[in-house]
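Since the structure comes first, as structure tokens, the remarks are kept for the end.
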Amino acid sequence: MRLRCVVLTTVIALTVAPAAASAADPPVLAAADGVQATLTAGRVLEVRFTGAAAASPTFAPGRRLDVGCGAHPSPPGLQFNGTDDSTARGTGNVSPQGVLRVELDKVLPVDACDVEGVPGVKEGGVVTTVARAALDPAGETWNDEVAHAAPLTALLNRARGTTAYRPASALTGPSVIAVDGPSASAPAGQIGYWTDGHEHAVVSSLSAAGRRLVIEDLGGGMLRTNVMVQGGVPDAIMLNGFGDTASTGVLDDDDPGQSPFHGDAVTSAEGVRAHVSGRRLAISFTGRSAAAVHRVAGRRVLVTCLQRPAPALFGAAVRRPASASSAVVVRVARHGATLRATLRRTGDACLVVDDGKQVAIAVTSDAGRRWWDDLRTFSLLDRLPKSLAAPGGTSYLAPAAIVAKHAGLVAIAGPGATVRPGRVGVWTDGAQRAAVAITSPSGRRITLADEGEGTVRTNLYAELAGILSLTFG
């Protein structure tokens, strides 16, 4: 399922996801730069670098490059329809004739390929796309949309101020123009920008085929876009959130060797209790959590406390102010079941970490309890099948047919309908539109919707800063 892969798999695989392009990255070259590709017998890919591409040191003879190829139908098909293994991959070296010959690991229907630099130690393991090659007209359309969509993500990031979006007059660059409303289009070759001056903003451009490509922050953490993957939207949001959550710093605990703790972090379900008095924090470990924390008795651990970030998507909205988190290293008592620490501020939830391994999560406020409830609710999405369509189908099944086949799903009346906590609600129109919804015990409703023609509407990403905070501290 495309949405499931993008939303869940990418969150889990954050540390190995391709990074957003930076000023230091080489430019991504395509057909106009002399990148051409052919596929023989569905498996042997040859990418030829001529013209400007041949002159680039990125494609010099002997350079080792990865390739990932996929299918990108135009117009886009059903978003809740696919598999988790839809990319054919391979690795090869550029020949003296400027040809990268790769045998793909599987035979799949593919129409476009990304050529990626093989990361070394200096690159820190970060994979960067260096070229895009099309195998047919659908691949050419895909590559064109990617080239148009990436600047949209960058602009929306840049447009976000501390509390609201900036006016168009504050955004420099001849390619950006103000448009009259959220549905208005900019002329070809330019990016249209509109905002209500608060949390609602839209960026858009026209593809070579005349399709309006758009990313819209609707406010309140709701995103609507038809270039979810083309524009690298998940990566952009996660990298913003990750860059912030990592900013608390990893303090050296001076303990020798690896942490002896193993398994999942203990929480309130295992008996973790927190008491706050001013800047003083006491975390008590009762029940099953007492045995778990005993594994790190006598060791120095990092205690990090965080405020729950407000639901948001782009730019500064994702980043917490420096005062929103606090960290200190303390020693776990060899005897006793209470950990005490004095912090700059205690926030809504606190993590106990030993050598990068989460030992415990303690909620310290009502907001923290709601936060934890919301994050646990995300696991319900694992109940979703890979597809909401019949095998090989081009339309969604009716909700009754879907819930009859899959336990834990219930039919809902429409894309905006709610579902009681603990269930996954599913709606389709039996054609091209579908939606799934979950509700946290806190009352927060999370939705993912396919509005047809490749357009996705979701507020799932608004919680990424929170997920990353409680994942990486």
Side-chain angles (χ1 to χ4, degrees), residues 1-11 70-87 108-109 111 138 142 211-212 214 216 218 220-230 233-234 374 376-441 443-463:
M1 178 189 306
R2 294 180 189 171
L3 282 178
R4 184 185 179 204
C5 292
V6 169
V7 173
L8 300 180
T9 306
T10 314
V11 170
H72 307 287
S74 181
L78 306 178
Q79 298 298 297
F80 288 97
N81 184 25
T83 67
D84 292 339
D85 188 16
S86 56
T87 302
L108 294 172
D111 47 48
W142 169 262
R211 182 174 178 239
R212 182 174 181 263
V214 59
E216 181 173 11
L218 292 160
M222 187 68 75
L223 171 74
R224 185 174 183 272
T225 180
N226 60 359
V227 286
M228 176 69 77
V229 180
Q230 295 98 313
V233 175
D374 292 350
R376 287 188 301 173
T377 300
F378 280 76
S379 64
L380 294 175
L381 295 176
D382 287 339
R383 298 178 185 176
L384 289 171
K386 291 181 178 179
S387 175
L388 299 184
T394 57
S395 297
Y396 288 118
L397 294 168
I402 296 171
V403 302
K405 294 172 57 178
H406 302 283
L409 307 184
V410 296
I412 55 178
T418 58
V419 61
R420 66 184 178 90
R423 299 292 188 92
V424 178
V426 177
W427 170 86
T428 79
D429 65 354
Q432 306 299 304
R433 300 174 64 208
V436 299
I438 54 177
T439 303
S440 167
R444 179 163 175 76
R445 181 182 184 275
I446 306 295
T447 185
L448 303 91
D450 179 358
E451 296 185 343
E453 297 183 350
T455 297
V456 173
R457 180 175 54 81
T458 182
N459 61 351
L460 182 66
Y461 289 104
E463 292 295 342

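FYI, the numbering just counts along the sequence from 1. From a predicted model like this one, the values you see are computed outputs, not experimental measurements.
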Reported [atom1]-to-[atom2] distance for the pair [X] and [Y], which is rounded to 0.5 angstrom:
| X | Y | atom1 | atom2 | answer |
| --- | --- | --- | --- | --- |
| Thr455 | Gln432 | OG1 | CD | 12.0 Å |
| Asn459 | Leu218 | CG | CG | 10.0 Å |
| Leu388 | Thr428 | CG | OG1 | 7.5 Å |

Of the non-hydrogen atoms in [X] and [Y], which two are nearest, and what is the gap between them?
| X | Y | value |
| --- | --- | --- |
| His72 | Gly70 | CD2-O, 3.6 Å |
| Thr447 | Thr458 | O-OG1, 2.7 Å |
| Arg457 | Glu451 | NE-OE2, 2.8 Å |
| Leu78 | Ala431 | CD2-O, 4.0 Å |

Does the side chain of [X] reach to within under 4.5 Å of the side chain of [Y], using non-hydrogen atoms?
| X | Y | value |
| --- | --- | --- |
| Asn226 | Arg211 | yes |
| Leu448 | Leu381 | yes |
| Leu223 | Met228 | yes |

Handout entry: Ser440 and Asp374: side chain donor to acceptor below 3.5 Å
Key =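 Short answer, yes.
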
Problem - Identified side chain to side chain contact (heavy atoms under 4.5 Å, CB included) counterpart of Val424 within the set Leu380, Asp382, Thr439 - result: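 Single pass found, and it is Leu380.
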
Handout entry: Residues in side chain to side chain donor-acceptor pair (under 3.5 Å) contact with Arg433, at least two apart in sequence or another chain
Key =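 Applying side chain to side chain donor-acceptor pair (under 3.5 Å) to Arg433 gives none.
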
Practice task
Go through the structure and list residues passing side chain to side chain contact (heavy atoms under 4.5 Å, CB included) with Arg212, not counting sequence neighbours.
Solution key: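 Counting only residues at least two positions away or on another chain, Arg212 forms a side chain to side chain contact (heavy atoms under 4.5 Å, CB included) with Ser185, Val202, Ser204, Leu206, Val214.
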
Can you give me every donor-acceptor pair (side chain of residues 392-419, partner residue at least two apart or in another chain, under 3.5 Å) with its distance?
residue: Tyr396; atom: OH; partner: Gln79; partner atom: N; Å: 3.2
residue: Tyr396; atom: OH; partner: Phe80; partner atom: N; Å: 3.0
residue: Tyr396; atom: OH; partner: Asp450; partner atom: OD2; Å: 2.5

